[in-house]
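Some notes on the structure that comes next.
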Amino acid sequence: MAKYNITEKKEKEATYRTLVNPSVMDDLKERILEIIVIQKKYKDKNYTAQLLASDLGTNTRYISAVVNTRFHMSYPEFVNKHRIEEAMTLLLDSRYQGLNMEDIAVKVGFANRQSFYASFFRFNNCTPREYKLRNLALHPALKTAGKKKATKGRKKSTKK
């Protein structure tokens, strides 16, 4: 039985990336951004690389090649990056302060809280809660941004 050198195996597996025409890669890159980012398909926990490939009329090897070479990450990392970026926004938005972490995880496309926490930590080196507390402490105006100010005094009576 022949032994494979790990470096040789990785190089052999990645050679298909160089076979894709650069202009095709650029076109696919723009179309991937349109679907994943602009149409916000990253929020759909069931939107796989296979579905993306089908929507683009290509195959998953091309999707993988484009995401790896143009975005320098894997497809799941690419999707999770956009989910985490949206979660970071929601965590600091006063309109969403009532949501718990599981609600935020589902809202941005994660299947569960555990995968959200793992991915968030991978990208930010802190938990979502730590991120929220740190940023709200650094920017106190975020705590009250968007909230209605309470009116002073008594409510005017409508009785005559």
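Heads up: numbering here begins at 1 and tracks the sequence.
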Any non-hydrogen side-chain atom of [X] less than 4.5 Å from a side-chain atom of [Y]?
X    : Y    : answer
L33  : I38  : no
Y75  : N68  : no
I84  : Y131 : no
L99  : K107 : yes
N125 : F121 : yes

Self-check item: R83 to F110, cation-pi by 6.0 Å centre distance and 45° axis angle
Solution: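 Yes, R83 sits over the ring of F110.
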
Quiz item: In terms of heavy-atom contacts, does NZ of K132 have more than 12 from other residues, nucleotides or ligands at under 6.0 Å?
Solution: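 Count over threshold, so yes.
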
Looking only at heavy atoms, which two atoms of [X] and [Y] are closest? And how far apart?
X    : Y    : answer
C126 : F120 : O-CD2, 3.2 Å
Y47  : I35  : OH-CG2, 3.4 Å
I36  : Y42  : O-CD2, 3.0 Å
I63  : L56  : CD1-CD1, 3.6 Å
S119 : N80  : OG-CB, 3.3 Å
I104 : A87  : CG2-CB, 4.0 Å

Self-check item: In one Ile/Leu/Val/Met/Phe/Trp/Tyr side-chain cluster, 4.5 Å: V106, V79
Solution: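 Different clusters.
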
Quiz prompt | ILVMFWY network linking L133 to L90, side-chain heavy atoms under 4.5 angstrom | solution =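 In one cluster: no.
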
Quiz prompt | S64 side chain to T60 backbone, donor-acceptor under 3.5 Å | solution =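 Looks like no, no N/O pair under 3.5 Å.
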
Quiz prompt | N100 side chain vs E102 backbone, donor-acceptor pair below 3.5 Å | solution =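 Present.
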
Self-check item: Qualifying salt bridge (charged side-chain N to carboxylate O under 4.0 Å, His left out) pairs with a residue from residues 69-81, counting only residues at least two apart or across chains
Solution: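 Qualifying pairs: D26-R70, K81-E85.
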
Exercise. If a pair satisfies salt bridge (charged side-chain N to carboxylate O under 4.0 Å, His left out) and one of its residues is in residues 108-122, list it, with sequence neighbours excluded.
Key: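 Passing the test, one end in residues 108-122: no pairs.
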
Could you give the distance from [atom1] ([X]) to [atom2] ([Y]), rounded to the nearest 0.5 Å?
X    : Y   : atom1 : atom2 : value
E86  : L91 : CD    : CG    : 10.5 Å
L136 : Q97 : CG    : CD    : 6.0 Å
I32  : D27 : CD1   : CG    : 9.5 Å

Quiz prompt | side chain to side chain contact (heavy atoms under 4.5 Å, CB included) between M25 and T69, intermediate numbers included | solution = CA-CA 9 Å; M25 275 208 178; T69 58; 3.1 Å; yes

Self-check item: Contacts of type ring pair (Phe, Tyr, Trp, His ring centres under 6.0 Å), residue F78, not counting sequence neighbours
Solution: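 In terms of ring pair (Phe, Tyr, Trp, His ring centres under 6.0 Å), with neighbours along the sequence ignored, F78 is linked to F71, H82.
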
Quiz item: Where do M88 and N124 land on the side chain to side chain contact (heavy atoms under 4.5 Å, CB included) test, with the steps shown first?
Solution: CA-CA 10 Å; M88 290 165 58; N124 293 304; 3.6 Å; yes

